[in-house]
4 protein chains.
Amino acid sequence: MRIKDTHKQDAIISATVELVNEIGFVSSSVAKIAKKANVSPATLYVYYTNKEDLLVSTYIEIKKKMSDELLKNIDNTKPFRDILKDFWNNTFDFVSKNKGLFQYAEQFSNSPYSDLVNQSELEKHFEPMMRILQKGIDQKIIKDVPFEILTVFIFYPVMLLSNSKVCKKLTMDNETVETAFNLAWDAIKL
Amino acid sequence: MRIKDTHKQDAIISATVELVNEIGFVSSSVAKIAKKANVSPATLYVYYTNKEDLLVSTYIEIKKKMSDELLKNIDNTKPFRDILKDFWNNTFDFVSKNKGLFQYAEQFSNSPYSDLVNQSELEKHFEPMMRILQKGIDQKIIKDVPFEILTVFIFYPVMLLSNSKVCKKLTMDNETVETAFNLAWDAIKL
Amino acid sequence: MRIKDTHKQDAIISATVELVNEIGFVSSSVAKIAKKANVSPATLYVYYTNKEDLLVSTYIEIKKKMSDELLKNIDNTKPFRDILKDFWNNTFDFVSKNKGLFQYAEQFSNSPYSDLVNQSELEKHFEPMMRILQKGIDQKIIKDVPFEILTVFIFYPVMLLSNSKVCKKLTMDNETVETAFNLAWDAIKL
Amino acid sequence: MRIKDTHKQDAIISATVELVNEIGFVSSSVAKIAKKANVSPATLYVYYTNKEDLLVSTYIEIKKKMSDELLKNIDNTKPFRDILKDFWNNTFDFVSKNKGLFQYAEQFSNSPYSDLVNQSELEKHFEPMMRILQKGIDQKIIKDVPFEILTVFIFYPVMLLSNSKVCKKLTMDNETVETAFNLAWDAIKL
DNA sequence: GATGAATGAGTGTTCATTCAT
DNA sequence: CATGAATGAACACTCATTCAT
């Protein structure tokens with residue numbers, strides 16, 4: 001028998017992400033994805049049970065890669081503010097270098113497909129950061145407010161600012177990233 | 001007759017928003033929208049030149065209604081912080097009471113359809129708030145950073161917190177809204 | 001609005017019957033049926049909710065037409081044997097003149113589609129004949145055996161003999177039909 | 001190894017019959033048959049040149065097995081009526097014990113696939129019965145009518161009565177089989 | 001203005017079959 | 001012999017849109 005050609009599966013995932021970024025979820029048909037990946041539409045069904053499976057799997061893959069990158073080099077022994085700053089920079093780096101993946105994830109999570117994903121499963125990867133935040137609360141470094149609120153001020157802003165749809169004009173240089181972090185820090189610090 | 005017309009058009013818009021919220025952009029076909037609005041698919045083309053026009057017009061309508069509501073009762077003579085707080089509360093009120101409209105707008109603005117909208121036209125409605133922010137900068141009440149950064153900390157958080165996809169567990173009572181505003185204010189204040 | 005074109009629906013039904021007779025149930029695709037009927041495949045869905053609906057509706061239509069024809073001119077006042085003979089002749093006439101319809105019905109009733117049809121509903125049309133049989137039993141003209149057995153000897157044979165798949169060589173002239181009826185009668189008579 | 005082969009081929013045939021009985025000819029795809037037989041779709045093409053070959057071969061196999069069973073223990077020295085009765089009983093036994101095979105054959109012979117089978121070849125197996133019928137005619141025990149007519153009254157009824165699609169309610173116990181045979185005999189006897 | 005009929009083009013998916021291993 | 005990967009062609013069906021009324 002023929003061996004499964006991982007090159008093909010990679011091509012399918014890439015094509016999916018690219019196409020969704022180019023023409024959006026709505027217009028991204030299986031046929032177009034297949035064409036972009038230079039495979040037959042039928043081949044797609046060798047790797048995924050259906051279109052939904054393809055889109056969801058792609059999302060999960062991206063999210064996993066993202067959480068790996070965001071938590072990379074996080075050093076618990078550093079001062080609290082520095083840890084957050086490293087995470088902030090990691091986020092900015094990832095989003096800058098993977099605009100396509102990030103934009104796919106944004107579209108996906110705003111679509112009804114996202115209901116099909118076990119979100120809490122994905123969020124588990126970020127538990128280390130949650131533990132760090134909790135330590136900050138316990139040590140009275142940051143405000144004792146619900147995690148969701150902290151998240152909105154310390155994790156989302158860098159993503160929003162990197163999102164070209166939100167920030168059309170502002171170029172995100174290192175200085176701007178730094179400035180934004182100062183605001184985030186002021187928001188949460190005690 | 002005018003009344004009849006408006007009724008039908010309203011029904012179409014409502015049906016569009018409801019359907020997109022129920023089954024998403026991807027699955028919302030003209031036929032289904034028409035069925036939900038209790039009109040013929042052809043009737044839709046009496047009011048809109050095509051599907052895109054319908055979706056875009058619906059978005060613009062929502063955005064206009066939203067900007068009206070958010071700027072309602074904004075009193076320039078109040079102290080700076082109170083103005084922002086009023087706007088913050090207006091946002092929270094609108095999103096709470098119009099989850100459907102808000103969610104439609106979110107989906108829309110994350111789709112490539114949004115490229116078809118003259119965003120700067122829509123943003124004009126928020127110029128009053130921008131002028132207020134500028135005054136705050138000039139009076140050295142808030143930090144002198146790019147508008148986009150301020151926006152991310154003072155306008156987006158309340159929307160994110162109201163978004164059920166972002167905040168699944170946190171119930172947004174008045175106290176929580178107040179707490180979140182304090183963080184936002186700490187972020188931007190000098 | 002455009003008025004529903006009954007000519008089109010008739011064309012669809014005819015095409016369905018013809019095609020199924022030519023190439024069988026298995027190979028009769030919606031596209032092929034549409035092509036034969038000179039309509040777009042989409043048009044088919046104006047009249048029927050899906051392929052199954054088309055096939056089932058066609059079957060029911062045929063069965064209704066058939067029961068009308070078989071019971072035509074049945075005169076209850078005639079002697080018992082003559083009534084059966086008339087029915088027998090009607091059956092032979094119908095099958096001879098509507099080989100296509102008959103063959104479609106045969107294929108259909110041997111397919112799993114037939115499970116979708118409310119058979120007892122269709123059998124109601126034949127109740128007059130059942131009552132006649134019962135009268136024959138009561139009057140001790142024919143044997144007192146279950147209806148199904150009588151049916152197999154007095155109703156099925158003429159259909160089997162008219163079925164070209166069963167009887168490839170035998171030409172069914174009037175004499176043969178008469179001969180066969182004599183056997184049927186001998187089978188059931190007391 | 002021979003044993004292994006036969007196992008696989010048997011599995012394929014069984015799967016084919018079962019699947020056709022479960023979901024019908026129309027929906028029985030090669031992939032599904034292979035899955036049911038626990039082999040690869042490709043393996044199927046080791047034993048059969050294509051799908052048609054598989055279906056036809058399966059039919060022929062069934063027909064051969066059937067003719068063997070029906071003619072089993074037929075004793076030419078018995079009285080004429082007893083021979084027919086034995087055959088009748090054999091038919092009933094076979095159909096009862098092999099409903100799946102029988103139903104497959106019914107579906108097949110009502111499909112256009114049946115045109116691909118050399119029917120006269122299959123009918124050769126039944127020549128012994130034809131010779132017996134001819135002897136009955138010659139000895140003036142049964143009516144001198146075309147074979148097809150005799151067949152319809154002496155061979156088909158037991159099959160029809162055993163067919164669950166024809167006889168939904170009637171349970172075929174020994175008494176019923178006996179009763180039906182009496183009608184068949186009355187039909188053909190002189 | 002308002003409609004349901006009608007459709008070519010497209011949808012996601014499965015098909016029978018082949019091929020390299 | 002036996003296989004799972006791979007596919008072009010076909011599948012049933014829906015799409016956005018137009019048209020006659």
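Reminder, nothing fancy here: chain letters follow the sequence lines and each chain counts from 1.
- Counting to the nearest Å, the P atom of E:dT14 and the CD1 atom of D:I23 are 13 Å from each other.
- Under the rule for a side-chain hydrogen bond (donor to acceptor under 3.5 Å, both in side chains), the partners of D:Y48 that lie at least two apart in sequence or sit in another chain are D:Q9.
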Checklist line | Watson-Crick and G-U pairing of DNA chain E written in dot-bracket, each distance under 3.5 angstrom, with | for inter-strand partners | finding: .||||||||||||||||||||
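- Remark: A:E22 engages A:K36 in a side-chain hydrogen bond (donor to acceptor under 3.5 Å, both in side chains) (not counting sequence neighbours).
- With rounding to whole Å, D:I33 atom CD1 is found 8 Å from E:dA16 atom P.
- Whole-Å rounding puts the A:Y48 OH to E:dG12 C1' distance at 17 Å.
- Nearest-nucleotide assignment on DNA chain F puts the 5′-proximal partner with D:V46, out of A:L44 and D:V46.
- Taking 4.0 angstrom as the limit, A:Y47 places none of its side-chain polar atoms (N or O) nearer than this to OP1 or OP2 of F:dA5.
- As rounded to whole Å, 12 Å separates atom C1' of E:dT7 from atom CD1 of C:I12.
- Between the D:N98 side chain and the D:L101 main chain, no donor and acceptor come within less than 3.5 Å of each other.
- Applying the side-chain hydrogen bond (donor to acceptor under 3.5 Å, both in side chains) criterion to C:D53, with sequence neighbours excluded, gives C:T49, C:S57.
- Partners of B:N38 by side-chain hydrogen bond (donor to acceptor under 3.5 Å, both in side chains), not counting sequence neighbours: none found.
- Heavy atoms only, all atoms of each residue included: D:A37 and D:A11 are closest at CB-O, 3.5 Å.
- With rounding to whole Å, D:N38 atom CG is found 10 Å from F:dT3 atom P.
- The backbone N or O of A:V20 sits less than 3.5 Å from a side-chain atom of A:Q107, completing a donor-acceptor pair.
- Counting non-hydrogen atoms of other residues, nucleotides and ligands closer than 6.0 Å to NZ of B:K168 gives a total above 12.
- The shortest heavy-atom contact between C:E121 and C:H125 is O-ND1, 4.0 Å.
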N/O to N/O distances under 3.5 Å, protein versus nucleotides 10-14 of chain F:
residue: F:dC11; atom: OP1; partner: C:S29; partner atom: OG; Å: 3.1
residue: F:dA12; atom: OP1; partner: C:K51; partner atom: NZ; Å: 2.6
residue: F:dA12; atom: OP2; partner: C:V30; partner atom: N; Å: 2.8
residue: F:dC13; atom: OP2; partner: C:Y45; partner atom: OH; Å: 2.9
residue: F:dC13; atom: OP2; partner: C:K51; partner atom: N; Å: 2.7
residue: F:dC13; atom: O5'; partner: C:Y45; partner atom: OH; Å: 3.4

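- Straight-line distance from the NZ atom of C:K8 to the C1' atom of F:dC19: 12 Å, rounded to whole Å.
- Between D:L54 atom CG and E:dC15 atom P there is a gap of 15 Å when expressed in whole angstrom units.
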